[in-house]
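See structure below.
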Amino acid sequence: MFNYPDISNEILEIAIKKENELKETYDRINDISEANQFKVLSAFREEKVAEADFNQSSGYGYNELGREKLEKVYSDIFHTEDALVRSQITCGTHALYLSLSAILLPGDELLFISGRPYDSLEKSIGITDSPMSLAEHGISYKIVELKDDASFDLDAIKDAVNEKTKIVYIQRSKGYINRPSFCCSEMEEAVKLVKSIRSDLIVMVDNCYGEFVEEIEPTDIGADLIAGSLIKNPGGGLAPIGGYIAGRADLIERCAFRLTAPGLGKEVGGSLGTLKSMYQGLSLAPKVVGEALKNAYFTAAMFEHFGFRCLPASNEKHGCIVEAIDFEDPEKLKTFCETIQSASYVDSYVRPEAWDMPGYQDQVIMASGAFVSGSSIELSADGPMRPPYTAFFQGGLTYEHGKYAILKALQKILN
Ligand SMILES: *Cc1c(COP(=O)(O)O)cnc(C)c1O
């Protein structure tokens with residue numbers, strides 16, 4: 001191991017030991033990256049991606065061939081009928097709200113079966129009052145909590161479905177809740193149960209941070225629709241903006257009509273020069289996600305060693321790239337985020353502070369010294385300023401970068 005001049009020998013020696021212990025895990029992650037790389041490459045070849053596909057249109061954006069082809073590539077990868085991949089989808093929350101508001105009509109009910117959804121959706125749904133929330137449009141919701149062991153409560157799900165239920169929603173990643181993220185095999189049983197209650201129930205998965213973590217995706221185990229952000233996994237660190245939705249063609253059409261206008265749908269919306277980065281980022285994403293996943297395991301191994309509770313633990317499976325560390329202390333959470341920021345390529349000299357981010361209930365502190373502003377497939381850490389003062393660490397486009405940042409943060413906290 002490289003002898004970082006600013007990391008103590010004690011920490012470096014433990015790091016060597018932990019890397020040895022994680023060797024099998026890293027090998028498995030390499031295998032997954034390799035399989036996903038082939039899947040992505042096959043889609044590019046199948047759709048005959050060409051240099052001309054990187055050209056941009058203007059105005060209405062009719063017949064933008066590269067955009068149309070990129071959406072085909074996404075649906076090939078996710079094995080879906082169609083996909084919407086757009087720079088106009090501004091972030092993950094937007095992709096999720098877009099999907100929900102496109103499909104649900106007044107009188108419909110939305111059923112969350114993985115507990116409370118991610119903070120940034122509270123206003124979208126109307127858990128917190130807001131103009132334009134689903135609730136304001138007469139769409140109700142129910143939340144089925146996970147069981148104590150963080151598995152799906154199948155009996156409660158059965159009881160919660162009624163004649164109004166239209167979408168059954170699973171959040172794959174933990175969000176700001178300290179629970180494990182789901183692997184596809186764990187979601188499969190719940191999806192099967194839902195479909196057996198009523199085959200016309202639409203299963204939607206918030207796939208944020210989950211893409212390419214496994215060899216299969218939620219759409220391979222029966223989900224009708226998935227959505228996510230291009231400044232997370234599938235953008236591979238290069239996509240400068242955007243979100244995607246992939247799934248059943250009739251649902252994607254509704255989403256496209258909602259994004260633009262009925263009748264226009266996918267036909268309009270120029271990509272304004274973002275296509276090449278979206279393609280190239282997608283080509284790198286399987287490897288980049290693998291690197292981020294190794295960083296998550298390494299974080300867990302190192303912080304556990306010094307007595308911090310990490311979720312998932314270093315010997316537990318990871319359903320997404322996020323690693324949560326409980327600091328039980330606001331100052332340690334701040335120090336962690338400050339140090340991650342200081343180990344970034346961009347804005348290393350600035351100190352992040354907790355602030356009232358749009359869409360979040362508590363103040364959030366966020367380290368993101370990223371080339372793409374706010375990108376969390378790049379090295380990043382964040383956490384709401386509330387007990388147990390958990391830092392959510394994710395990303396690192398290369399393992400080596402993430403590793404150094406983790407060692408540095410650990411050293412700062414131990415000091
Ligand atoms: C990141 C994330 C989102 C979307 O957040 P944006 O910041 O709007 O992209 C939604 N759900 C989960 C679980 C997430 O991790």
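Whatever order the structure lists ligands and atoms in, that order sets their numbers, starting from 1. Residues: numbered from 1 along the sequence shown.
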May I ask you to decide whether Glu188 forms a salt bridge with Lys192, counting only side-chain N to carboxylate O separations under 4.0 Å? yes
Per-atom filter on ligand 1: closer than 4.0 angstrom to a heavy atom of Tyr209 are 15 (O)
Looking at ligand 1, would Ile231 count as a contact under a 4.0 Å heavy-atom criterion? no
Using ring centroids (six-membered ring only for Trp), state whether Phe303 and Phe393 fall under 6.0 Å. no
Give the atoms of ligand 1, by number and element, whose distance to some non-hydrogen atom of Leu96 is under 4.0 Å. 10 (C)
Gln171 heavy atoms within 4.0 Å reach ligand 1 at atoms 13 (C)
NZ/NE/NH1/NH2 to OD/OE distance under 4.0 Å, Asp250 and Arg254: no
For ligand 1, which atoms sit closer than 4.0 Å to a heavy atom of Cys91? 8 (O), 9 (O)
Provide, to 0.1 Å, the distance between atom 9 (O) of ligand 1 and the closest protein heavy atom, together with that atom's residue and name. Gly92 N, 2.7 Å
NZ/NE/NH1/NH2 to OD/OE distance under 4.0 Å, Arg116 and Glu122: yes
How far is atom 7 (O) of ligand 1 from the closest protein heavy atom, and which atom is that? Tyr360 OH, 4.2 Å
What about the rings of Tyr279 and Phe44, do their centers lie closer together than 6.0 Å? yes
Please confirm whether Lys232 approaches ligand 1 to less than 4.0 Å, judged on its heavy atoms. yes
Proximal candidate to atom 10 (C) of ligand 1 [heavy atom criterion; set Val322, Asp206, Thr90]: Asp206
Under 6.0 Å between ring centres, would you say that holds for Tyr26 and Phe298? no
At under 4.0 Å between heavy atoms, which part of Lys174 makes contact with ligand 1: side chain, backbone, both or neither? neither
If we only count N/O pairs under 3.5 Å, is Thr93 in contact with ligand 1? yes
So that I can tick it off, tell me whether Arg172 and Glu217 are bridged by a salt bridge, with the cut-off set at under 4.0 angstrom between side-chain N and carboxylate O. yes
